[in-house]
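Here's the structure, in structure tokens; my notes come after.
By convention in this document, chain letters (A, B, ...) are assigned in the order of the sequence lines, proteins followed by strands, and residues within each chain are numbered from 1.
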2 protein chains.
Amino acid sequence: MHERLIARLQSVAGLTSDERAALNSVPHKVRTLGDRESILQEGDKASNCVALMSGFLYRQRIIGDRRQILSLHVPGDIPDLMTLYLPTMDHDLISVGQSTVAVAPHSALKSLFEKHPSLVHIFWRETLIDAAIFRHWVGNLGAMDAFHRVGQLFCELAVRLEFVGLFEKNSFSFPLTQYDVASVCGLSKVHTNRTIQVLRKQRLLIWRDDMVELPNREELEAAAEFSADYLQRKAKSV
Amino acid sequence: MHERLIARLQSVAGLTSDERAALNSVPHKVRTLGDRESILQEGDKASNCVALMSGFLYRQRIIGDRRQILSLHVPGDIPDLMTLYLPTMDHDLISVGQSTVAVAPHSALKSLFEKHPSLVHIFWRETLIDAAIFRHWVGNLGAMDAFHRVGQLFCELAVRLEFVGLFEKNSFSFPLTQYDVASVCGLSKVHTNRTIQVLRKQRLLIWRDDMVELPNREELEAAAEFSADYLQRKAKSV
DNA sequence: CGACGCTTTGATCCTCGTCAAATGGTGTGG
DNA sequence: CCACACCATTTGACGAGGATCAAAGCGTCG
């Protein structure tokens, strides 16, 4: 499996050299994805898991005439890890921008778990953090207004990207459109645009082309009433 | 652990008699909870897991001046199972009405897993279904209007209660208030009341005192555009 | 009987959605 | 090199779904 994932597991959970070696030897294929390329669709039965190596992925559901983005994924994530035990997809998995993924068969992961039972809880824990993020967004979507939702999104991305070393100089690559952000936040694209303008005017967000900069992250986190506790990131690594 | 949970795991996953015996012998205490009694609060470190035996529980977060209910739980659920590997609570866990729970220490569950590794993926799977429900509600809250949200809630409860034998004659006990439903659906209580009146006028919902009846479930599911796939319930079990 | 909590109703306000069109950048083909 | 198409962003105007505020029913319980 890819180094970015292993590095994350390392710092989240701590790995023995034995476990690290086992992870390194999991058979997998690397696949390059184009912009908006679909990896899995609702209803598909998955027999592989996908670890994101570079770029972004998102999960979406079409609801009525709307598209709801359920989650964004950054390198190091395994957005379909739950297919190990719930193989039928209840949503689509799609790439944004150029992305690369490591694809490993379920069977390889399951035999990894048999040989190294201590790894089970590390992967289980990954799915629990994934769930914690969804739970957090249930709160955001149910109880927060547009400004807070958009603010929370950028705060969350900063923390998650920082953890895998992709947040530097308060900036990160962000190949999504405003419409994508709208679909994450449950807003129309017009209102999302206006919300982003407010963030810009308050000097909390700079977003040009494919780069996002958070010039005053503390102030943004305060304004969005963001707390990173739910992400279970003990410390800012690297 | 309690029979309701074991029966559910039995029908979801299938258990060997050996596994069933092991589950039965997990040490636990039974605890009775009063109305609106708090079991765990945000920030607590849990060292036990709680299996609901009877009644209802919900998880909530206070966001600004609002209360968001993140999820409702029915007998057979273990709403804090994730504390096994993420012990710090990021929300509160509270009972509604009279409830009883079985409380088992983490250590007992972890040693159960060591002796019966095959049980690990059964419990893991439970947390994955929990996550699937949150994911579904991200979609509901982000993309559906009030009518659909409230409708979805009752459809989902029907399926989940049916699975543990608590949905009979299209009815179930429901000791929540309209304000609770509002807090689940991300709506004000006034608007929730009006939405419920619409459901009543369309003869899709009868709710008097602590009983809810869905006189025409198919029509309700159609109106709410509900599909139970995400609940991973293969069949209607007794 | 009164107090309390939940439900219901009415009136008003406001956040956000929808519709429409303009702006601006980029890439393509003539 | 210009014309054009295409797409994302931006702006304006308007409307609607739902929030808020306030008060009135209503059932239960002490």
Open item on the list: Classify B:S188 by what it touches in the nucleic acid, base, sugar-phosphate, or nothing, heavy-atom distance under 4.0 Å.
Closed with: base
- [ ] Report the distance from atom NE2 of B:H191 to atom P of C:dA11, rounded to the nearest whole Å.
- [x] 18 Å
Open item on the list: Nearest whole Å is fine: how far is C:dT7 C1' from B:K189 NZ?
Closed with: 9 Å
Task: Length of the CG-C1' vector between B:L141 and D:dG18, whole Å - done: 14 Å
Task: Phosphate-side-chain proximity, A:Q178 and D:dT10, N/O vs OP1/OP2 below 4.0 Å - done: yes
Task: Salt bridge present between B:D130 and B:R59 (N-O < 4.0 angstrom) - done: yes
Task: Strand-adjacent residues in residues 59-67 of chain B, judged by heavy atoms under 4.0 Å from DNA chain C - done: none
Task: Parallel, tilted or perpendicular: ring planes of A:F154 versus A:W207, cut at 30 and 60 degrees - done: perpendicular
Every protein N/O within reach of nucleotides 22-25 of chain C N/O, cut-off under 3.5 Å:
none

- [ ] Compute whether any side-chain donor of one residue and acceptor of the other, for B:Q152 and B:H136, lie under 3.5 angstrom apart.
- [x] yes
Task: Cationic N near anionic O, under 4.0 Å, A:D90 to A:R61 - done: no
Task: Between C:dT15 (C1') and A:M144 (CE): distance, integer Å - done: 16 Å
TODO: Mind listing the closest non-hydrogen atom pair of B:I39 and B:L57 along with its distance?
DONE: CD1-CD2, 3.8 Å
Task: Point-to-point distance, once rounded to the nearest 0.5 Å, from CD of A:E162 to CD of A:E168 - done: 10.5 Å
Task: Which nucleotide in D:dG12, C:dT9, D:dA8 has an atom nearest any side-chain atom of A:V190 - done: D:dG12
TODO: Figure out the CG/P separation between B:D145 and D:dG17, and round it to whole Å.
DONE: 8 Å
TODO: Would you classify A:R36 as touching base, sugar-phosphate or nothing, given that sugar-phosphate means primed atoms plus P, OP1 and OP2, and contacts are heavy atoms under 4.0 Å?
DONE: nothing
Task: Donor on one side chain, acceptor on other, A:R67 and A:Y58, under 3.5 Å - done: yes
Open item on the list: Output the rounded distance in Å from OH (B:Y179) to C1' (D:dA19).
Closed with: 13 Å
- [ ] Ignoring backbone atoms, establish whether B:R149 has a side-chain N or O less than 4.0 Å from OP1 or OP2 of D:dG17.
- [x] no
TODO: Please report, rounded to the nearest Å, how far the P atom of D:dG17 is from the CZ atom of B:R194.
DONE: 13 Å
TODO: May I ask you to say what A:L187 touches in the nucleic acid, namely base, sugar-phosphate or nothing, with a heavy-atom cut-off under 4.0 Å?
DONE: sugar-phosphate
TODO: Could you tell me whether the phosphate oxygens of C:dT8, OP1 or OP2, come under 4.0 Å of any side-chain nitrogen or oxygen in B:R200?
DONE: yes
TODO: Taking all heavy atoms of A:V184 and all of A:L141, pick out the closest pair and write down the distance.
DONE: O-CD2, 4.0 Å
TODO: Give a yes/no on whether any side-chain N or O of B:N193 is located under 4.0 angstrom from OP1 or OP2 of C:dT7.
DONE: no
Open item on the list: Which heavy atom of A:A158 sits nearest to which heavy atom of A:F167, and what is that distance?
Closed with: CB-CE1, 3.8 Å
- [ ] Could you state the atom-to-atom distance from CZ of A:R208 to C1' of D:dT9 in whole Å?
- [x] 15 Å
TODO: Tell me whether the OP1 or OP2 atom of C:dT7 has a side-chain N or O from B:Q197 closer than 4.0 Å.
DONE: no
Task: Nearest-neighbour nucleotide for the B:A146 side chain, D:dT20, D:dG18, C:dT7 considered - done: D:dG18
Open item on the list: Looking at B:R36 and B:D180, is any side-chain nitrogen of the basic one under 4.0 Å from a carboxylate oxygen of the acidic one?
Closed with: yes
